[in-house]
Amino acid sequence: MTLQSAIIIGASRGLGLGLARALAEHGASVTATARGDAPDLAAAAAASAGRMTLATVDIDDDASIAALVAAVAGKSFDLVFVNAGAFGPRHSSPTAVTPAEFAALLWTNALAPIRVAEALLPSLADNGTLAFMSSRLGSVSLNTEGGYDLYRASKAALNTLTRSLAVRLKGRPVSLLTLHPGWVRTDMGGPNATLSVEESVAGLVKVLDANRTPGHRFVQYDGQELAW
Ligand SMILES: NC(=O)c1ccc[n+]([C@@H]2O[C@H](COP(=O)([O-])OP(=O)(O)OC[C@H]3O[C@@H](n4cnc5c(N)ncnc54)[C@H](OP(=O)(O)O)[C@@H]3O)[C@@H](O)[C@H]2O)c1
């Protein structure tokens with residue numbers, strides 16, 4: 001693996017924790033963030049032979065983002081990976097959701113990832129990778145079966161914001177990746193999902209390694225490019 005330093009935003013559990021673990025196992029120096037108590041992440045850091053260090057951020061909170069930026073000042077990352085996300089109300093109904101619930105979901109899944117990423121851009125090395133954990137469900141053109149309306153809308157908004165970010169980054173040597181991890185057995189994906197965290201993360205690490213040239217791509221865990 002060519003990535004040597006990474007920051008993973010949202011690594012307390014699930015895919016973020018799996019990614020932080022896998023990158024550290026591949027020898028990268030990893031800064032892994034949580035927003036609160038994260039015993040599994042603390043255990044992973046303790047077992048990482050010093051390759052994983054911990055930091056704190058709640059991406060919904062600009063003051064918390066500013067504190068993270070101050071905490072990592074002077075560090076340079078080959079990879080900034082914004083993984084944090086939420087599913088929103090399980091009913092996923094546009095008629096049942098409250099304005100506050102929908103606003104919170106859009107904030108966490110679409111705006112906050114962009115805000116934390118932009119704040120960390122000065123810490124992204126030249127020829128570095130900026131990755132966002134989106135979902136195939138965020139593809140507008142692949143949405144032929146419906147369902148999960150609110151979550152889909154939030155990830156479609158994230159995808160659109162990453163495309164606008166790609167335009168702002170034009171001319172900078174950055175690989176911008178909008179990623180789909182597959183359907184994964186986490187608290188969000190549930191027990192019936194097709195992939196384990198380890199399977200998804202092993203694929204994502206290969207995708208990160210194979211896509212280090214500048215440009216913007218929407219790619220899933222097995223390397224297949226997805227339609228927007
Ligand atoms: N699992 C799947 O099948 C699947 C499929 C497609 C896409 N995804 C995406 O993959 C990413 C990870 O999902 P997962 O399955 O690992 O879900 P998960 O187990 O529910 O973990 C979500 C992670 O996001 C963090 N997070 C949520 N809101 C945050 C905030 N405001 N600030 C900082 N961290 C926050 C959580 O931290 P706390 O522990 O503090 O809550 C947790 O670490 C998400 O973006 C999700 O949408 C997952």
Side-chain angles (χ1 to χ4, degrees), residues 7-22 30-45 54-69 71 80-90 92 101 103-117 119-120 131-139 142-143 147-148 150-159 161-162 177-201 203-204 207-208 218-222 224 226:
I7 182 166
I8 312 295
I9 307 297
S12 61
R13 55 197 167 95
L15 284 160
L17 174 61
L19 260 174
R21 267 201 190 112
V30 178
T31 301
T33 80
R35 59 178 166 171
D37 272 355
D40 292 345
L41 177 60
L54 304 183
T56 303
V57 68
D58 179 340
I59 63 168
D60 290 347
D61 177 358
D62 284 341
S64 180
I65 291 176
L68 173 69
V69 169
V80 172
F81 197 123
V82 186
N83 166 73
F87 187 76
R90 276 281 154 188
S92 225
E101 286 170 337
L105 181 61
L106 279 180
W107 195 274
T108 300
N109 280 3
L111 263 189
I114 299 294
R115 287 160 90 97
V116 71
L120 289 169
F132 292 91
M133 198 71 103
S134 182
S135 170
R136 186 182 195 279
L137 295 177
S139 167
L142 296 175
N143 182 8
Y148 312 111
L150 308 176
Y151 179 76
R152 265 186 205 279
S154 69
K155 292 294 191 181
L158 172 63
N159 286 6
L161 287 162
T162 66
L177 296 175
T178 302
L179 296 170
H180 170 55
W183 184 24
V184 188
R185 293 188 290 276
T186 62
D187 292 339
M188 188 186 296
N192 297 326
T194 48
L195 298 173
S196 68
V197 167
E198 291 72 21
E199 288 166 331
S200 170
V201 158
L204 288 169
V207 167
L208 291 167
F218 184 18
V219 192
Q220 68 178 19
Y221 71 99
D222 61 1
Q224 189 191 319
L226 296 174

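Model, not experiment: these values are computed from the prediction. Computed from heavy atoms alone, side chains included, the values below leave out hydrogens, waters and symmetry copies. All ligand and atom numbering here is 1-based and tracks the order in the structure.
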Atoms in ligand 1 flagged as close to [X], the criterion being non-hydrogen separation under 4.0 Å:
X	result
G189	1 (N), 3 (O)
G14	16 (O), 19 (O)
P181	4 (C), 5 (C), 6 (C), 7 (C), 8 (N), 48 (C)
M188	15 (O), 17 (O), 20 (O), 46 (C), 47 (O)
G10	43 (O)
S135	6 (C), 7 (C)
D60	31 (N)

Quick one: does [X] get a heavy atom under 4.0 Å from ligand 1?
X	value
K155	yes
G190	no
L137	no
A34	no
G182	yes

Check your understanding: With distance as the sole test, does R35 use its side chain to make a donor-acceptor pair with the main-chain N or O of G10 at under 3.5 Å?
Key ->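 Checking the backbone N and O of G10 against the side chain of R35, no donor-acceptor pair under 3.5 Å is found.
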Heavy-atom distance to [atom]: which of [options] wins?
atom	options	answer
atom 32 (N) of ligand 1	D187, I9, L195, I59	I59
atom 33 (C) of ligand 1	V57, D61, V82	V57
atom 8 (N) of ligand 1	W183, Y151, F132	Y151
atom 48 (C) of ligand 1	V184, T33, L15	L15
atom 35 (C) of ligand 1	S154, A84, G36, G138	A84
atom 7 (C) of ligand 1	A11, G85, S134, A38	S134

Review point. For the residue pair L204 and H180, what are the closest heavy atoms and their distance?
Key: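 Closest approach of L204 to H180, heavy atoms only: CD2-O, 4.2 Å.
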Check your understanding: Do T178 and N159 have side-chain N/O donor and acceptor atoms under 3.5 Å apart?
Key ->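 The answer is no; no qualifying pair exists.
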Review point. Among T162, L179, L177, L226, which residue meets the side-chain contact (heavy atoms from CB on, under 4.5 Å) test with F218?
Key: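 Of all the options given, the one that passes is L226.
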Review point. In this structure, are over 12 heavy atoms from other groups packed under 6.0 Å from F87 atom CZ?
Key: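 Counting neighbours around CZ of F87, more than 12 heavy atoms of other residues, nucleotides or ligands fall under 6.0 Å, so yes.
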Exercise for review: Using distance alone, decide if ligand 1 has a nitrogen or oxygen within less than 3.5 Å of any nitrogen or oxygen in T108.
Suggested key: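 No; the residue has no nitrogen or oxygen that sits under 3.5 Å from a nitrogen or oxygen of the ligand.
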**Study point:** Which residue and heavy atom of the protein sit nearest atom 12 (C) of ligand 1, plus the separation
**Key:**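 In this structure, atom 12 (C) of ligand 1 has N83 OD1, 3.2 Å as its nearest protein heavy atom.
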